[in-house]
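Contents: one structure, followed by commentary.
To find a chain, count down the sequence lines: A is the first, B the second, and so on, and within it residues start at 1. Bear in mind that the values here come from a model prediction, so they are computed numbers and not experimental data.
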Number of protein chains: 2
Amino acid sequence: MQKKNFGEWYSNILKVAGIVDVRYPVKGIYVWCPFGFKIRRYTYGILRELLDKSGHEETLFPLLIPEEEFMKEAEHIAGFQDEVYWVTRGGLDELEIPLVLRPTSETAIYPIFKLWIRSHADLPLLTYQIANTFRYETKSTRPLIRAREITSFEEAHTAHESYEDAEMQVKKAVEIYKSFFKRLCIPITISKRPDWDKFPGADHTIAVDTLMPDGRTLQIGTVHHLADNFARTFEIRYEDERGERRYVHQTCYGISERCIAAMISIHGDDRGLILPPEVAPIQLVIIPIIKKEGGEEVLKRCRKIEERLGERYRVKLDLSEERPGAKYYHWELKGVPVRIELGPRDIKKDEVVISRRDEQKKISVKMEELDNRIEEEMNKMGKNLLLKAEAGMRERIFECAKIEEMSNHVRKGIIKASWCGDESCGREMEERSGADILGDILGEEEDGICPICGKETKIKVYLAKTY
Amino acid sequence: MQKKNFGEWYSNILKVAGIVDVRYPVKGIYVWCPFGFKIRRYTYGILRELLDKSGHEETLFPLLIPEEEFMKEAEHIAGFQDEVYWVTRGGLDELEIPLVLRPTSETAIYPIFKLWIRSHADLPLLTYQIANTFRYETKSTRPLIRAREITSFEEAHTAHESYEDAEMQVKKAVEIYKSFFKRLCIPITISKRPDWDKFPGADHTIAVDTLMPDGRTLQIGTVHHLADNFARTFEIRYEDERGERRYVHQTCYGISERCIAAMISIHGDDRGLILPPEVAPIQLVIIPIIKKEGGEEVLKRCRKIEERLGERYRVKLDLSEERPGAKYYHWELKGVPVRIELGPRDIKKDEVVISRRDEQKKISVKMEELDNRIEEEMNKMGKNLLLKAEAGMRERIFECAKIEEMSNHVRKGIIKASWCGDESCGREMEERSGADILGDILGEEEDGICPICGKETKIKVYLAKTY
């Protein structure tokens with residue numbers, strides 16, 4: 001499994017590590033296998049924790065959206081109508097009103113927001129759901145990255161008294177997503193998408209991207225300021241403190257299973273998965289080294305360690321018939337963060353051998369120090385994964401002043417360039433460089449010259465080949 | 001809110017307690033509100049815990065099933081084809097192969113089981129998922145009870161070497177479901193459905209029912225022995241120890257959000273919800289009683305209690321501007337198990353007043369005994385809810401020897417009767433009594449006489465009006 005052939009490596013790892021099964025008989029639709037689903041569970045557990053903690057309440061809105069609601073917001077329709085699935089039949093009847101499978105839930109949720117919101121006392125309203133959504137993708141599909149059933153779409157929807165309050169929420173959402181990706185050890189860029197690439201119906205879109213091993217960026221989170229665009233369409237108004245009826249201002253933000261695709265792709269190596277300890281289904285594997293004699297004592301000790309560390313970690317004691325080497329190979333493939341080996345020689349010295357998945361070094365540890373050492377290594381591993389990934393991304397960000405330089409760096413990583421902000425220059429820059437503008441780099445202004453028109457500008461943008 | 005008018009009470013409580021919103025603009029499709037969703041989260045948390053602990057692995061299979069797979073199992077189609085939704089369009093294209101929204105997932109899962117199962121070493125295979133399923137219901141719909149989008153369908157699917165192994169799993173599944181409903185304090189009956197009412201494609205079906213306040217039973221869980229019926233259709237075979245290829249034997253079992261409908265309906269009263277402590281979104285509410293003076297000290301103490309008990313329970317300190325009476329009313333409606341009241345007079349005595357939602361008595365408790373007392377009352381409340389509900393059901397089970405007696409008891413509760421086991425007698429008994437046969441009472445055999453044909457029999461059945 002050579003990661004340098006990334007496309008092949010990615011397909012292969014999903015299969016051999018048991019993440020998703022691609023053999024479902026519908027194009028672009030995948031099955032979550034047990035091991036993959038456990039990663040999903042812990043990963044989305046973090047997301048839920050962060051959203052709950054910051055005042056969001058979980059809800060669940062319907063999958064089926066009646067044509068009339070879906071067709072209310074003009075830009076939104078234009079953005080989605082080529083890629084929605086339509087339910088037209090129920091049993092043997094033609095439905096009177098065709099139903100759309102939600103591609104995203106604005107048009108399912110906002111008719112209800114209209115009913116829930118009466119006065120300023122109901123605001124801000126912060127909700128989210130984690131649900132399946134559907135896109136009839138005509139481009140080539142890829143598991144966890146571009147699927148027709150997005151099985152794990154977290155979408156938050158919020159309503160506020162003013163544009164400014166909504167803007168504050170956009171900033172908070174960006175911070176929540178930053179924390180989330182930090183815990184997955186995924187380095188990110190944050191930028192404001194150009195107008196032609198914003199969410200259909202939004203005022204503007206802030207996007208979270210990461211850089212994949214093949215030099216393309218993957219959008220792994222978006223935060224949309226909707227202003228009062230949807231509020232006007234769905235008539236979502238509140239009575240303010242002076243008794244005046246005003247439109248709410250809204251935001252929405254989402255993350256899909258692409259977060260897991262990124263985590264797998266960025267950390268993995270030729271031996272298989274490398275999982276951050278927090279989301280690893282098995283955090284610790286214990287391998288007994290059984291020689292001709294002393295086997296019983298080894299097993300007894302292993303069980304003791306399993307029991308003790310099992311109180312704090314997800315531990316697997318591997319008692320299968322395989323040789324130790326085969327076991328190492330198997331659990332490395334599965335990305336288990338820490339391995340403990342224990343044989344008769346270790347017992348004599350009252351030690352065990354531990355090995356971290358990201359470093360592969362073997363370290364002898366005194367039995368009495370084991371608990372502290374495990375904790376330390378788990379922490380170190382999380383930090384190390386993030387640092388390594390951040391360094392890996394940083395060295396693939398190329399500052400380019402001229403179009404020719406850009407073309408040379410496309411597919412090697414992310415390009416950083418000046419841009420006058422003019423759409424026609426932006427479009428031309430995209431076309432001539434062969435890269436897409438990800439957007440304005442937030443908080444980064446620098447004197448520069450637009451490589452197309454030569455005007456002075458302070459705007460810096462990222463560009464890249466994208467998924 | 002009078003519970004004796006159950007239909008009205010039920011609709012009302014869902015609304016005022018914030019469980020689901022019924023105003024979504026598609027018939028039979030509902031929105032989970034934040035408070036209701038929290039109940040769902042804790043309830044399904046118990047179910048996940050029980051399934052994980054007994055060796056099941058969570059997975060997630062697709063919603064969309066291609067026509068060809070769906071149409072493979074003849075009985076299964078016959079049972080479902082009148083009530084499935086069809087996706088026929090993607091974007092602006094007619095789909096070449098129409099897709100069914102899963103009404104249940106056998107035909108989505110078993111083509112993949114065929115790929116996952118190779119040898120006896122792969123068995124037993126125990127999986128489950130919690131997902132949305134769809135039924136194009138033409139009968140009248142009711143939130144959480146009969147919906148077109150079943151949002152919270154837990155379905156387990158297992159595969160085994162033999163019919164007997166699958167039968168063992170059926171028994172285990174029944175035990176798991178018993179434990180689950182016990183934790184929700186819901187009394188149940190368990191019976192083997194008559195052949196004409198089994199799951200389409202199953203060998204036989206064991207059903208879990210409960211008795212609702214209006215005297216009708218609600219099916220809240222089913223366990224199906226599929227024998228090798230689906231294995232033959234989907235060609236799911238394994239190599240046994242002697243190298244022979246054999247069909248697996250399968251089971252599947254499911255629970256939907258009806259478990260929450262039952263919990264709400266059985267425990268609630270004229271004041272509102274009564275929630276078992278384990279699933280209550282707020283387990284403990286603290287109400288400060290602020291008089292003209294001493295307010296600060298009261299608040300300080302309340303905050304201390306909130307902090308201390310907050311480590312073990314989900315606690316709400318109600319600091320709103322309402323009068324205490326209005327607060328009691330509100331939190332009783334929401335079903336909070338235990339209320340703590342604290343005013344200046346209590347402080348003088350170093351006491352607090354606690355009141356349990358199911359008993360309404362006020363009890364003074366010394367501050368130093370508070371933690372133990374809360375734990376004790378929470379436990380007592382769980383037990384009390386179950387005992388009360390069990391007694392309520394027991395006294396509405398009527399043993400009837402003759403058809404005329406049965407007709408008199410229909411809609412008052414569950415009828416227990418003898419039956420010769422013959423389908424024509426069963427059908428006639430149903431017709432003449434006006435009740436449905438729920439099924440053979442498992443483990444209960446007794447000498448009796450079939451009220452239709454007069455033959456001697458040992459089979460006892462339950463009958464009832466059903467939802």
What residue in [options] has the most heavy-atom pairs under 4.5 Å with chain B?
options                             : answer
A/Glu57, A/Glu83, A/Glu58, A/Arg135 : A/Glu58
A/Thr138, A/Ile112, A/Leu92         : A/Ile112
A/Pro66, A/Pro111, A/Gly91          : A/Gly91
A/Gly90, A/Ala108, A/Pro98          : A/Gly90

Can you find a heavy atom in the side chain of [X] that is under 4.5 Å from one in the side chain of [Y]?
X        : Y        : value
B/Val87  : A/Phe134 : no
B/Leu60  : A/Asn132 : no
B/Trp116 : A/Val31  : yes

Using a 4.5 Å heavy-atom cutoff, which residues in residues 18-29 of chain B come close to chain A?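 Heavy-atom contacts from residues 18-29 of chain B to chain A are B/Asp21, B/Arg23, B/Tyr24, B/Pro25, B/Val26, B/Ile29.
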Suppose a student defines contact as a heavy atom less than 4.5 Å from any heavy atom of chain A. Which residues in residues 139-153 of chain B would they list?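 Those residues of residues 139-153 of chain B which have a heavy atom under 4.5 Å from chain A are B/Glu149, B/Thr151.
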Heavy-atom pairs under 4.5 Å with chain A are the metric here; pick the option from [options] that has the most.
options                              : result
B/Leu63, B/Ile109, B/Asp82           : B/Leu63
B/Thr88, B/Leu101, B/Val100, B/Ile65 : B/Thr88
B/Leu95, B/Thr127, B/Ile97           : B/Leu95

By a 4.5 Å heavy-atom criterion (distance strictly below it), what part of A/Glu69 contacts chain B: side chain, backbone, both, or neither?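 Just the side chain, heavy atoms under 4.5 Å.
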Close contacts, residues 33-51 of chain A versus chain B, judged by heavy atoms under 4.5 Å: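 Only A/Cys33, A/Pro34, A/Phe37, A/Lys38, A/Arg40, A/Arg41, A/Arg48 of residues 33-51 of chain A have a heavy atom under 4.5 Å from chain B.
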Would you say B/Glu67 has more than 12 foreign heavy atoms packed within less than 6.0 Å of its CD?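 Enclosed.
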Heavy atoms from other residues, nucleotides or ligands near NZ of A/Lys72 exceed 12 (cutoff 6.0 Å):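 Yes, enclosed.
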Scan residues 91-100 of chain B for pairs that pass salt bridge (charged side-chain N to carboxylate O under 4.0 Å, His left out), counting only residues two or more places apart or in two chains.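 Qualifying pairs, neighbours excluded: none.
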